[in-house]
Asker: 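Just passing along the structure, written as structure tokens.
A quick note: this is a predicted structure, and the numbers were derived from the prediction, not measured. In listed order, ligands and their atoms are each counted from 1.
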Amino acid sequence: MLHRVLEQQLRAAVEAVLPDAAGAPLPVRPCLDLRFGDYQANGLMALAKERKTNPRQLASQVLEKLDAGAWCEKVEIAGAGFLNFRVKPSAMAAILAEAARGEHLFFRPARQPRTVVVDFSSPNVAKPMHVGHIRSTILGECLARTLRLLGQRVVTDNHIGDWGTQFGKLLVGWKECLDRTALEADAIGEMERLYRKINAECEADPARLEQARQELVRLQEGDAANLAIWREMIALSQHQFDAIYGRLGVRFDATLGESFYNPRLKGVVQSLEAAGLARESEGARVVFFDDIPALKNHPAIVQKSDGAANYATTDLATLTYRLETWKPDEIVYVTDGRQQLHFQQIFAIFRKWHPGAAVKLAHVWFGSILGEDGKPFKTRSGETIRLADLLDEAEERALKAVSEKNPELPEGQRREIARVVGLGAVKYADLLPNRQSDYVFSWDKMLALTGNTAPYLLYAYARIRSIFRKAQAGPDAAADAAPEILLQAPEEIALARHLLNFGLVLEAVAEEYRPNYLCNYLFELAGHFMRFFEGCPVLKSGEPQRSSRLALCDLTARVLRQGLDVLGLEVLEQM
Ligand code: ARG
């Protein structure tokens with residue numbers, strides 16, 4: 001917000017000195033070390049370098065033209081030629097007052113919205129969603145929400161794995177040993193049992209494997225009975241996925257599984273051949289990357305020697321379908337890090353295949369979730385943990401904690417608190433680490449009321465709300481709807497300065513696909529608030545300070561709620 005104003009002033013000054021520098025990037029960003037100022041700009045150094053002039057000299061010429069007196073106490077040249085801006089508290093207060101009047105919440109929606117497709121979650125049919133899918137689901141939903149909040153047109157697409165070799169085995173199992181009662185109770189559990197059983201048999205017996213292969217071929221050729229079973233498996237899986245999405249508050253604009261692209265696969269292979277990109281190699285159709293060192297030793301098969309297409313072919317068909325259908329400016333794929341090579345190949349093939357396409361393609365990958373022993377997160381008996389069970393356990397553990405702390409609350413309310421805290425804790429713990437690192441799943445850590453956790457932030461929010469309940473109950477009722485903001489105490493200024501940066505953080509999350517920036521921002525916001533609240537009386541102070549401080553409380557609560565919402569967390573009025 002304030003940085004935008006300073007950027008405009010700086011741009012005007014730079015263009016007055018260097019008329020040819022129009023359009024050069026001149027970002028103004030918060031100072032990391034507040035002793036130097038509130039904001040900093042270091043774009044002048046690059047400009048000076050391009051022109052082979054002295055950067056400090058350029059900086060002093062720009063400074064002469066800079067008209068920032070209305071906003072800044074002082075602007076100084078530092079180091080090799082940066083500018084440090086010390087902002088006037090009254091300038092911060094003016095922007096806070098706009099926010100208090102509801103004109104913005106420290107960010108502005110994009111003036112020219114871009115269309116962004118976010119491909120995330122994408123579990124596989126007839127297999128349980130496991131903790132590996134949790135990161136894709138939580139991260140993808142958060143990125144979609146951030147982009148939407150910033151005014152972009154977002155299309156979320158769940159690329160479900162509903163086609164593949166697992167269906168041959170599943171069909172054998174379904175036909176020979178399906179337990180209908182078990183299927184009704186827990187469809188995915190029963191399908192998983194069938195898959196495991198037949199898979200083990202196939203490993204021991206080639207005849208069984210051949211039988212599964214034939215079922216698969218029949219399915220692919222459109223056999224009515226096999227298609228009907230396959231459809232039932234998809235419907236049952238989808239039902240269970242939807243239950244989880246409902247709990248997590250995740251929604252998709254489109255759910256187009258791999259099977260949707262079947263009719264397009266042959267055309268993809270033909271087109272790649274016609275373009276001279278795919279060629280025959282040992283009966284298969286293969287794209288080689290002789291000109292790309294990183295992929296030189298990793299050719300991509302787009303049609304196997306038995307004529308079947310594969311994951312890569314499907315992704316290429318998906319990509320072109322999305323371009324035709326939604327005309328996106330960007331497509332974001334959220335999967336685990338093991339798919340890096342796959343997406344490098346897909347993107348490289350696509351660039352050769354459609355050299356004119358401007359779409360930005362991003363593979364947003366993430367690391368694994370580890371158990372407290374540092375090994376992949378599993379149940380005690382070594383099985384993959386099912387997402388539904390994990391969410392149940394989160395709510396149970398949170399309920400225990402809430403019941404110990406507030407035994408007097410009615411059960412319904414305790415359960416509601418536990419739901420919000422438990423699910424919030426799991427999501428927050430997943431978004432907080434740098435997404436590319438593995439993290440250790442720890443119930444005690446994520447459910448703690450202190451530290452950088454969901455319960456701590458939810459508590460901070462509820463605490464602010466309780467101030468307003470008290471204010472309402474007080475003699476001089478509600479605060480002024482459009483109060484003047486007075487920033488005097490250092491804690492007030494620190495809180496205000498932090499609030500102003502909310503939009504910058506949202507933009508950084510969207511640009512770098514890193515929700516951890518927002519987690520850390522909100523944690524720091526809660527810290528600034530707690531220090532303000534300890535240092536500055538709110539309800540007991542006289543006017544106009546009281547209204548100003550109440551407005552700071554309210555703005556903090558609104559930023560917290562909006563930020564948590566972007567992370568996919570609900571809030572509680574009382575905890
Ligand atoms: N179904 C895949 C899996 O579970 C993820 C799909 C990701 N999206 C894509 N367009 N390939 O690994």
Asker: Quick one: which ligand 1 atoms are inside 4.0 Å of a heavy atom on His133?
Answerer: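 Heavy-atom distances to His133 below 4.0 Å select 4 (O).
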Asker: Would you mind telling me which of Trp230, Phe167, Trp163 makes a side-chain contact (heavy atoms from CB on, under 4.5 Å) with Val125?
Answerer: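 Passing option: Phe167.
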Asker: Can you name the one residue among Thr313, Val302, Val286 that meets side-chain contact (heavy atoms from CB on, under 4.5 Å) with Leu272?
Answerer: Val302
Asker: Tell me which part of Ile160 gets within contact of ligand 1: side chain, backbone, both or neither, using heavy atoms under 4.0 Å.
Answerer: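 Contact part for Ile160 vs ligand 1: neither.
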Asker: Donor-acceptor pair, Asp329 side chain versus Thr115 backbone, under 3.5 Å?
Answerer: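 Confirmed, Asp329 side chain pairs with Thr115 backbone.
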Asker: Return the closest protein heavy atom for atom 8 (N) of ligand 1 as residue, atom name and distance.
Answerer: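 The protein heavy atom lying closest is Asp119 OD1, 3.1 Å.
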Asker: Atom 6 (C) of ligand 1: which protein heavy atom is closest, and how many Å away?
Answerer: Tyr311 OH, 3.2 Å
Asker: With a 3.5 Å cut-off and sequence neighbours excluded, list the donor-acceptor pairs that the side chains of residues 180-191 form with protein atoms.
Answerer:
from   : atom 1 : to     : atom 2 : distance (Å)
Arg180 : NH1    : Glu232 : OE2    : 3.1
Asp186 : OD1    : Gly189 : N      : 3.0
Asp186 : OD1    : Gln240 : NE2    : 3.0
Asp186 : OD1    : Arg386 : NH2    : 3.4
Asp186 : OD2    : Arg386 : NH1    : 3.3
Glu190 : OE1    : Arg193 : NE     : 2.9
Glu190 : OE2    : Asp179 : N      : 2.9
Glu190 : OE2    : Arg193 : NH2    : 2.8

Asker: Taking distance alone, with N or O pairs closer than 3.5 Å, would you say Thr335 contacts ligand 1?
Answerer: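 It does not: no N or O of Thr335 is found under 3.5 Å from an N or O of ligand 1.
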Asker: With heavy atoms of His159 as the reference, note each atom of ligand 1 found under 4.0 Å away.
Answerer: 8 (N), 9 (C), 10 (N), 11 (N)
Asker: Looking at the rings of His342 and Tyr311, which for Trp means the six-membered one, are their centres under 6.0 Å apart?
Answerer: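 Ring centres of Tyr311 and His342 closer than 6.0 Å.
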Asker: Which one holds for Tyr261 and ligand 1: side chain close, backbone close, both close, or neither close, with close meaning a heavy atom under 4.0 Å?
Answerer: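 Near ligand 1, Tyr261 shows nothing, with every heavy atom at 4.0 Å or more.
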Asker: Determine whether the aromatic ring centres of Tyr333 and Phe120 lie less than 6.0 Å apart.
Answerer: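 Ring-ring flag for Tyr333/Phe120: false, centres at least 6.0 Å apart.
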Asker: If you count the atoms of ligand 1 from 1 in the order shown, which ones are under 4.0 Å from a heavy atom of Tyr333?
Answerer: 10 (N)
Asker: Any atom of ligand 1 sitting under 4.0 Å from a heavy atom of Thr318?
Answerer: no
Asker: Give the atoms of ligand 1, by number and element, whose distance to some non-hydrogen atom of Phe343 is under 4.0 Å.
Answerer: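 Those of ligand 1 that fall under 4.0 Å from Phe343 are 9 (C), 11 (N).
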Asker: Measure from the ring center of Phe106 to the ring center of His104 and say whether it is less than 6.0 Å.
Answerer: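 Yes, the ring centres sit under 6.0 Å apart.
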Asker: Between the side chains of Arg279 and Glu273, is the shortest nitrogen-to-carboxylate-oxygen separation below 4.0 Å, so that they form an ion pair?
Answerer: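 Arg279 and Glu273: not salt-bridged.
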Asker: For atom 2 (C) of ligand 1, find the nearest protein heavy atom and state the residue, atom name and distance (0.1 Å precision).
Answerer: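 Nearest protein contact, heavy atoms only, for atom 2 (C) of ligand 1 is Ser122 O, 3.6 Å.
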Asker: For atom 12 (O) of ligand 1, which protein heavy atom lies nearest, and how many Å away is it?
Answerer: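 Here the nearest protein heavy atom works out to Gln339 NE2, 2.9 Å.
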